[in-house]
Enquirer: 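One structure, as C-alpha cells, below. Some questions next.
In what follows, chains carry the letters A, B, and so on, assigned in the order in which the sequence lines appear, proteins first and then strands, with residues in each chain numbered from 1.
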Amino acid sequence: MTDISYRQPVSANATEWTVLIVDDKPDNINIVRTALRFQGATVLTAAHGQEGLEILENNKPSFILLDIAMPVMDGWRMLQHLRSNPATSDIPVIALTAHVMEGDRDDFIKAGFDGHIGKPFDLFTLIPHIRESLGLPRR
Amino acid sequence: MTVSAGIQSSMDESRTLQRLHALYRVTAMADRPYAEQFQSLLQAGSELLGMELGFISHIQGQAYTVLYAVSPTNIVRPGQQFELGQTLCDATLRQGDLLHYADIRPEDYLRLPAARELKLRAYIGVPIMVDGKSFGTLNFSSTQPHLTPFDEADQDFFRLIASWVSATLERQIKDEALRASEARWRSLITNSTDIIIRVDKNYHFLELHAPPAIAQIFEHVDITEFSDLDFVLDDDKHIVKQAIDTSFRTGQPQYYECRGIDLRGFVWYLCRAMPIFDGDTVVSVQIVLSDITGRKEAEAALERERNLLRALISASPDAVYIKDRQSQFTLANVPLALILGQKQVEEVLGKSDADYQPAHLAAQFREEEQRVMETGIPMLDREEYNPPWDGKPRWFSTTKAPFYDDQGQIIGVVGITRDITARKLTESENTRLFETSLDLLGSTNGSHYVRLNPAWERTLGYTRDELYQMPYLGLVHPDDLERTLANSIPLASGTPIMGFRNRLQAKDGSWRWIDWDVVPDLQMGLIHLTGRDVTSDKLLEDQFDIQHKALLESESRFRQMAETIEDCFWMYDPLADEMIYVSPSYERITGHPVSFLYDNPNAHIELIAPEDRERISRLWSTPTSVFDERYRILRPDGIMAWVWESTYVACNDEGAPYRVIGILRDITPDKLIEQRIHEQNEMLQATNHDLEIARSQAEEASRLKSRFLATMSHELRTPLNAIIGYTQLQQAGMAGPISSLQEEYLNRTLVNAEDLLRLINEVLDLSKIEAGRMELARKPFSPAQLLQEITSQHQVLAEAKRLTFSLTGPEALPPWVIGDAGRVKQIIVNVVANAIKFTEQGTVHLQTLWDADGWQVIVQDSGIGIPPEMQQTIFDEFRQVDGGLTRPYGGSGLGLSIVKKLIRLMNGSIQVSSAVGQGSTFTLSLPLPVPQESLSLNP
C-alpha cells in the first residue's frame, strides 16, 4: 500500500529486529514489548516524542511503533522531526494508536507513516500486521 | 292352548270360505261396468271385515281423490278430495304395505289426527300399484274397534282384494286410454285434409283415405296402382316412390316435398313415408301427403319480404340492426359493422356491443334495450357521444324500437343509428363562436330577446336571464328610440340593416354605444343581432371634439366622467386665473371642499408638506406644459397623504395657453405598501443575519460533537487495549503457565472486552450517522471476494453450532463495484452473525445475485423467527425479538439499527420476512455502481 523502497530494509527475521516503541501509556508499552520480545526482537521504549528523538540520536531501530496522543511531543511532530533528519528519515514508522475514526487511517499514510495499527489491537495478529506494514510476508 | 287353537283354526276356515265366496261373486262380474265392480267389492269388503267405511283413493301430487266409497253416513263420497297431510291414507302410502290398527285409542289421536276427525277406532289399508306406480289406497275403517287384531288371514285376504283392485284398475285405465286414442285417430282421419295411402313393396294400394277435394278427382277411377296417383304431378311421382323404397329398405320414416294437383290447381305436399312393421319386417308403408301449399306460399312471400328488407337495410346509409333479447346482433348492415370498427357484417352477428364498445357504454345500451323490450316503448333519436375508435370523436343519433315475432311477442329490438358527427361538429363550432364572441350576438322575436351570447353580460352588466325578461328595446336611450324603431319597417320586409348605431343603458347606468348589424329571418319570425360595443371609440371621438372643436360644449359630458372617477379632475383658466372645474374627489383626497380651490386657485400650494413645498412650487412656476410629480400633502385631520398630480396645458388656435387640465390621485396606499415592503426587507435581512449566525453556531456545535466523538473513541479504546492486551499475553503463555480454570476466565474476560469494544464501535457509528458525519468511501472492491471473506470468517461459528452454512451465487456478481467495502462488510456481517446467533439448528444460507436494483444479498435462516409485530421494530435501537429486559442472545441491539441507517445512506433497502419458529429471511439491496472500466480490472 505504501511505496517503501526509500525506507531502510527490515529483516524478515524478527530476532534481528530492534524496535522503538514510543507511547505514554506504560501498559501499552508493556504489552507490545512483551509480544515483540517473545518473537526475539530487541525493544527500546520512550514515553513521548521528545524522548523518542533522543533515543534515535544513539540508536537506529529497524522500525518505530509510534503512538500519536502523547504529552511533550505527540506522534505527528515526532514523525516530522525524524523525517526531516536525513539520519532518521528512512526508518519505517508504524502508527499504533487509538485514533481509528473514519479517515484517520488515510491521514496517517498521507502524513508519511508506513502503516497504521488501531487500538485495541489483537495481540495474535499484531506481528502479522507489523510485517504487512513493512512489506514483509505475514508469515 | 291347543283346544283354543283348534277352535280358532276352524273359525278361520269358515271365515276364509265366506270371504272367498264373496270375492268370487265380485270377480264374476267382469263384464259389468267398472264402477259397479268396485262398488260391489267395497260393499263385500265392508261386510266381511265388519268395518262400515271403505273407499278407494287416487293420489295426485299432495292430494287424493275418493274414487269409489261405501259410507253409511255418506261422510265420504266419491269425488271428494283431501290433502294428504297426516291422513291414514298417507301413512299407508309411506308404509308401502298393509297398515292396520285394530283398536285406535283416544290417546293415539295425537299422532293420528285424521282418525280423530272421523272418530275412527279401527283402520286397515293397503297401497295400490298400477303399472308399477303408486296409484292410491284401498282402505276400510270403523268408528268401533275391530273385534280381534287383524291376523295373518285377515291380512292375506285384504292383500288379495287389493291385488284384484290393482288389476282391475289397470285394465280400466288401459281400456279408457285405448278408447280415447281410437276416438282421437278416428276424428283425425275423418277431418284430415291429408291423403293417407298404405302400399306394399310393389306399390299396390292396401288402403287409401282422401279428403273430399281429392276424392272428387278420382271418384270414378278405381285406383289400385301407384302409377294412377294422378293427384301427384308426374314429374314428382318418383319422389314418392323413392320415399316408399327407402322406408322399406331402412325401416326409417322419410320426408320429402312434392308437387300435386287438386281442384285449386297446383299444390305442394309434404310426403311422409312411415314404415309399418310386423315384428322386425316392414310389411307396408303408409304415406301421408299433407298439403303445405299455404306454407310454401307463405315461405316464398316471407323470402321475398326478407330480400326486400335486406336490400333496404343494406342500401341504408344509416346503421340498421336487429338485436335479440340478449342484445346480440341477429341482423346488421355494413354501416353498423363500420361503426363497430369491423369490415364484414358477418363479424358482428352473434356479438354484442360489449365485444366492441367500452363496458359502460355497452351496459348503457343494453339497459336501454331492455327497457324498450320491457315497456314496448321505442326510444327515439337519442343522441349519444361515442369515444372514438380511430382517434376521432363521434356523435350518433339512435332510435330503438321493439321487434315482434308472429305471436306478437317482443323478441328483440330493431335499431337505427345515424352518424351525426359532421352536424355536431358544425353545431359545436357555431356554439363555440357564439359563446366566445366579443361581439353581442343574439336574436329577438320583436318583443323579447330569445337568445343572447355571454358578450351581452360583459357589455351591459345584466345577466342573460334578466335580459330575457326585459322588453326588447327597453334599454335603448330615449334619444335613440325613435331612430331605432324606424328600422322595423325595412326589417319587416326582409331588408337587413347594417352599421346602425345606438345607445343601450348598462346595469350601472352608463350608456354603451353599440354598432349593430341586424338581419331579419322572416321564416323563423326572428331578428338576428350582431352588435359591437364602440363606447370607448365614441369617447375618443368626443375627446377629439373637446380639443379641436367645441371644448366648452363638451364640458357637461366631461364633468359626468370626471365625477365618476376616484381621481380628482380639475380645469384651470390661466388667463383669468380662475378654477373652472374641480371634481368632488378633491375633498376625499385633500380633506378640503372644492370651494377651497374655487375661492383661491393657488390655495393648493399651502397644503403641500413643507418637505415638498419648495420643489413643487418651483415646478409650478416653471413655464412647462408637462407636470408629473409625487408629493405629500397635509390634510386638515393631521394625516399626511401621498398624491400624484399630472397636468396638461391645452392651447388655443393661436398657440396661447387656454386651459390647464390636471389629475390628482391619492397614492397613499401604494406608498404604505412600498414602505411595508421596505420594512420587511430590512427584517428579512436581519433574519438572514441571525440565520447565518445560527448556522455557524450549528456548524461549530457539529464540529465540537465530532471532536468529542473522536476523543471519546480514543479514550475508551486506550484502556480497552490494555485489558485485551494483558489478557492475550496471559492466554499466549507469555506470563507463565496458567491453569485451565484461569484459561477459561481469561477467555471470558476477552469475550466481554470484545463485546465492549463492539458496543463502543456501534455507539460511535450511530452517533456519527446521526451527526451526519458518516462518510462513505467510494472505492472499487470485489463483492464476491467480500462475501467469501465473510463466509470463511463465519464458517467456524456456524460449525460450532452444528449449522449448515452455505453461500450461493457470487459467481454472478460483477468483478468490481464501487462503494465502502468496510461498511458493506459491516452490514452483511451483522445480518449473517444475527442469523447464526438466532438459529439453534438447521441452516443459514447466504445467497447473492445481481439484478436491475444492483447487488442483492439474501440471508435465510431456520432460526427462532420474528413475530410480525416485531418485524419493523427490530431495526430500532436497543431492540431484540424477546423485547424484554433480558437479552438471552447478548448483543447491544444496535446492530440492525446501524445496518438500516448505513443501507439508507447507500440508498439501498433491507427487508425482512419471517415466521415464528420457521426462520427469517433478510433481503439486502445495495445499488452500488459498477465502474466503467470494470471489464479491464482483475479482481
Enquirer: Please tell me if the side chains of B:L764 and B:L716 come closer than 4.5 Å, counting only heavy atoms from C-beta onward.
Expert: no

Enquirer: Under 4.5 Å between any side-chain heavy atoms of A:F113 and A:T97, yes or no?
Expert: no

Enquirer: Need one label for B:L729: side chain, backbone, both or neither, based on atoms under 4.5 Å from any heavy atom in chain A.
Expert: both

Enquirer: Would you please go through residues 732-747 of chain B and name the residues with a non-hydrogen atom below 4.5 Å from one of chain A, in numerical order?
Expert: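 Under the 4.5 Å heavy-atom cut-off, B:A732, B:M734 qualify.
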
Enquirer: Looking at B:K837, is its backbone amide N or carbonyl O close enough to the side chain of B:K801 to form a donor-acceptor pair, meaning the two atoms are under 3.5 Å apart?
Expert: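 Here the side-chain-to-backbone pair exists.
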
Enquirer: Looking only at heavy atoms, what is the nearest atom pair of B:L896 and B:N830, with distance?
Expert: N-OD1, 4.4 Å

Enquirer: If the contact rule is any heavy atom under 4.5 Å from chain B, which residues of residues 21-56 of chain A qualify, in numerical order?
Expert: A:K25, A:D27, A:N28, A:N30, A:I31, A:T34, A:A35, A:F38

Enquirer: So that I can tick it off, tell me whether A:K119 and A:D67 are bridged by a salt bridge, with the cut-off set at under 4.0 angstrom between side-chain N and carboxylate O.
Expert: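 Looking at A:K119 together with A:D67, the answer is yes, because their closest N to O distance falls below 4.0 Å.
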
Enquirer: Name the one of B:R758, B:R823, B:K901 that satisfies salt bridge (charged side-chain N to carboxylate O under 4.0 Å, His left out) with B:D765?
Expert: B:R823

Enquirer: Between B:R778 and B:G819, is there a donor-acceptor pair closer than 3.5 Å when you use the side chain of the first and the backbone of the second?
Expert: no

Enquirer: Under 3.5 Å, is there a donor on one side chain and an acceptor on the other for A:N13 and A:S11?
Expert: no

Enquirer: Are there more than 12 heavy atoms of other residues, nucleotides or ligands under 6.0 Å from atom NZ of A:K60?
Expert: yes

Enquirer: Test your reading of the model: is there a side-chain donor-acceptor pair from B:T839 to the backbone of B:I836, 3.5 Å cut-off?
Expert: no

